[in-house]
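Numbers here are sequence positions counted from 1.
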Amino acid sequence: QVQLVESGGGLVQAGGSLRLSCAASGRTFSRYAMAWFRQAPGKEREFVAAFNWSGGSTLYADSVKGRFTISRDNAKNTVYLQMGSLKPEDTAVYYCASRCCDYATRYATHYTYWGQGTQVTVSS
């Protein structure tokens, strides 16, 4: 069982930055692909970014490429999402997700464990 706890959300003006953190329990964190998804009111949950468990490769949604950076610290069992040049359309609840022992994907159904989410609000 893996527990994920997100933090770092908040209110920021357009053009600003935030860094989200996701702390994971478990001793095999390094074997988990980690991802961030987001869900805005009235919309489906959408993929944001992911980090593979080996090799260090990453995936990004086109809408955030060049503005967001995902990273992980296996020693701290934590994955981060550095968000820059924020836009009002980035407003959503951001969720951390993980899947063991396989490559990261863009599909929410592929992930086994989910955090409770953290609200990000970008004002114009």
Side-chain angles (χ1 to χ4, degrees):
Q1 188 77 9
V2 173
Q3 290 187 325
L4 305 174
V5 179
E6 302 99 331
S7 61
L11 174 64
V12 63
Q13 289 188 330
S17 300
L18 277 177
R19 188 177 80 159
L20 306 183
S21 300
C22 173
S25 64
R27 293 175 291 179
T28 59
F29 176 76
S30 61
R31 299 184 63 199
Y32 282 75
M34 303 297 298
W36 288 95
F37 288 79
R38 66 187 182 187
Q39 188 166 18
K43 295 188 176 181
E44 292 187 354
R45 191 167 298 190
E46 66 172 355
F47 171 77
V48 176
F51 200 117
N52 268 309
W53 70 276
S54 68
S57 60
T58 55
L59 298 172
Y60 290 96
D62 288 344
S63 59
V64 306
K65 199 171 294 184
R67 300 189 297 123
F68 291 10
T69 301
I70 188 170
S71 61
R72 64 189 296 164
D73 185 336
N74 288 340
K76 295 182 178 180
N77 281 14
T78 301
V79 64
Y80 304 98
L81 185 68
Q82 180 68 47
M83 305 185 294
S85 302
L86 283 162
K87 305 175 182 180
E89 51 264 44
D90 294 319
T91 295
V93 177
Y94 283 70
Y95 296 92
C96 178
S98 68
R99 68 187 301 227
C100 182
C101 316
D102 209 336
Y103 291 103
T105 76
R106 301 171 184 269
Y107 305 103
T109 55
H110 290 178
Y111 291 84
T112 308
Y113 302 103
W114 292 83
Q116 82 289 349
T118 186
Q119 177 71 46
V120 172
T121 303
V122 184
S123 63
S124 57

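Here the side chain of N77 pairs no donor or acceptor atom with the backbone of A23 at under 3.5 angstrom. Remark: side-chain polar atoms of E6 are paired, donor with acceptor, to backbone N or O of C96 under 3.5 angstrom.
Under the rule for a ring pair (Phe, Tyr, Trp, His ring centres under 6.0 Å), the partners of F47 that lie at least two apart in sequence or sit in another chain are F37. Considering only residues two or more places apart in sequence or on other chains, Y107 meets the side-chain contact (heavy atoms from CB on, under 4.5 Å) condition with T105, T109, H110.
The aromatic rings of W114 and Y95 sit perpendicular to each other, their planes meeting at more than 60°, with 30° as the lower class boundary.
The list of salt bridge (charged side-chain N to carboxylate O under 4.0 Å, His left out) pairs with a residue in residues 61-73, not counting sequence neighbours, reads D62-K65, R67-D90.
Annotation: Q3, atom CD; neighbour count of heavy atoms from other residues, nucleotides and ligands within 6.0 Å does not exceed 12.
When all heavy atoms of A14 and S124 are compared, the pair lying nearest together is CB-CA, 4.3 Å. Smallest separation of non-hydrogen atoms from Y113 and L4: O-CD1, 3.5 Å. When all heavy atoms of F51 and G56 are compared, the pair lying nearest together is CE2-CA, 3.5 Å.
Hydrophobic cluster membership is shared by W36 and V120, with clusters built from Ile, Leu, Val, Met, Phe, Trp and Tyr side chains linked at under 4.5 angstrom.
Checked by atom type, the side-chain pair Y111/R99 shows no donor-acceptor distance below 3.5 Å.
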